[in-house]
Amino acid sequence: MILMNDFKREPEDLRQAMASAVNEVLGSGWFILGAQLERFETAWAQRCQVAHGVGLGNGMDAIELALRGLGIGPGDEVVTTSMTAFATVLAVIRAGATPVLADIDADTALLSMASVGRCINDRTKAVILVHLYGQAHAVDEWARFCKHHGVALVEDCAQSHDARWSGQSCGTFGVAGAFSFYPTKNLGALGDAGMLVTHDDGLATAVRQLRNYGQRERYHHAVLGMNSRLDEMQAAILLERMKWLIPFTERRRAIAARYLDGIRHPDFELLARPAQADAHVYHLFVVRSTRRDAAVAHLQACGVQSHIHYPVPVHKQAPCLQIGRDPLGLPVTERHADMCLSLPCHPQMTDEEVTQVISAVNSF
Ligand SMILES: *Cc1c(COP(=O)(O)O)cnc(C)c1O
């Protein structure tokens with residue numbers, strides 16, 4: 001079976017390097033908020049060309065703490081997409097703010113600017129732009145749009161490590177970028193981890209306090225924070241895995257290029273090709289199918305696993321039925337949710353396996 005992710009097939013060199021890194025942490029006798037985290041924060045901030053990286057417990061907390069650090073909470077509205085991981089919207093709710101859901105553009109499944117425009121009002125304090133599936137698209141336009149409307153731009157970069165728009169890293173266009181290093185992300189730990197990146201000194205300081213019970217200095221609590229720290233073991237592992245991110249992303253792009261050229265079937269729609277070469281890091285390769293259930297069964301019979309990102313948009317989840325949304329509704333989101341299908345696209349896939357996936361699709 002060709003799997004969506006296949007970590008057991010990762011290079012032996014990488015496995016050895018991670019084992020040594022873990023050993024080093026064991027030997028250091030220091031496990032939380034130490035030298036490994038500082039190294040990883042510096043390395044990732046540098047990679048993004050941004051002033052600060054603040055390591056956190058996970059990607060959802062990075063979004064929540066970005067909002068809280070900006071003073072966004074009860075009474076404030078935050079506009080985002082319904083076609084995202086549930087965590088994006090849950091983070092807004094956890095921050096005490098009110099999410100408002102906008103529709104997407106059909107060709108990319110990314111947030112529609114026209115729809116967001118219809119959702120903005122006097123209470124709107126931020127837009128969370130999700131670089132879904134690994135696509136950074138027109139992020140500079142979003143920065144101008146948010147500035148024009150006087151709202152903060154927060155980027156959800158959980159799926160878009162190393163994605164760049166006009167040479168600039170995602171996560172650096174607005175006031176904050178939220179990264180997840182959940183194991184299946186393009187840069188993943190061996191557990192939970194996340195990071196907020198920002199140019200803003202004040203926000204970085206605020207989030208550093210918030211992640212550690214609101215402590216200003218040891219046992220002096222300036223605010224009511226939470227416990228959300230990226231531990232030394234995961235930071236050491238991420239430093240090793242980061243060395244592989246460029247070749248792994250190149251491999252994802254090569255696989256995607258073959259899919260874009262090779263998939264030809266009337267029941268399958270491809271999403272738009274990225275407008276710039278380094279804009280898409282193919283965290284997921286997503287197609288749409290008019291007969292998805294049958295397509296999933298056919299792929300399975302051909303030995304190809306597939307997943308759906310996401311079958312139920314946030315506004316159709318039980319606790320979210322009352323959430324505010326675009327007055328014109330979310331028809332493009334709903335159509336996409338009914339048709340989208342993610343094909344295997346991970347760095348360990350061989351050329352033969354890519355061929356096998358293409359044949360499986362085209363023989364449907
Ligand atoms: C994975 C993901 C998150 C949440 O990250 P966690 O580290 O799992 O909390 C948020 N947004 C998107 C788009 C994601 O894919």
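Each ligand, and each atom within it, is numbered from 1 in the order the structure gives. Just the heavy atoms: all of them, side chains too, but no hydrogens, waters or symmetry mates, feed the values below.
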- Note on the structure: If you scan protein heavy atoms around atom 3 (C) of ligand 1, the nearest is Ala158 CB, 3.8 Å
- Message: Please determine whether the number of non-hydrogen atoms from other residues, nucleotides or ligands lying under 6.0 Å from atom CZ of Phe173 exceeds 12.
- Response: yes
- Ring geometry between Phe179 and Trp44 (parallel below 30°, tilted from 30 to 60°, perpendicular above 60°): perpendicular
- Any donor-acceptor pair under 3.5 Å linking the side chain of Thr84 with the backbone of Thr81? no
- Item | Under 4.0 Å to a heavy atom of Thr88 - the qualifying atoms of ligand 1, by number | 11 (N)
- Is any N or O atom of Gly59, backbone or side chain, closer than 3.5 Å to an N or O atom of ligand 1? yes
- Item | CZ (Arg94) with more than 12 external heavy atoms under 6.0 Å | no
- Task: For Val130, take its heavy atoms, then give the atoms of ligand 1 lying under 4.0 Å from any of them.
- Result: 13 (C)
- Item | Within-4.5 Å side-chain heavy-atom neighbours: His336 and Arg288 | yes
- Item | Option nearest atom 2 (C) of ligand 1 (shortest heavy-atom distance, choices Gln159, Lys185, Met60) | Lys185
- Query: What atoms of ligand 1 come closer than 4.0 angstrom to any heavy atom of Ala87?
  - Reply: 3 (C), 4 (C), 10 (C)
- Distance only, no hydrogens: is a donor on one side chain within 3.5 Å (strictly under) of an acceptor on the other, for His283 and Asn186? yes
- Item | Within-shell test, Asp156 vs ligand 1, heavy atom, strictly < 4.0 Å | yes
- Task: Could you list which atoms of ligand 1 come closer than 4.0 Å to a heavy atom of Thr84?
- Result: 13 (C)
- Query: Should you measure from each heavy atom of Ser180, which atoms of ligand 1 turn up under 4.0 Å away?
  - Reply: 5 (O), 6 (P), 7 (O)
- Does one side chain, of His131 or Glu155, offer a donor that lies under 3.5 Å from an acceptor on the other? yes
- What are the atoms of ligand 1, with element, lying closer than 4.0 Å to any heavy atom of Asn58? 7 (O), 9 (O)
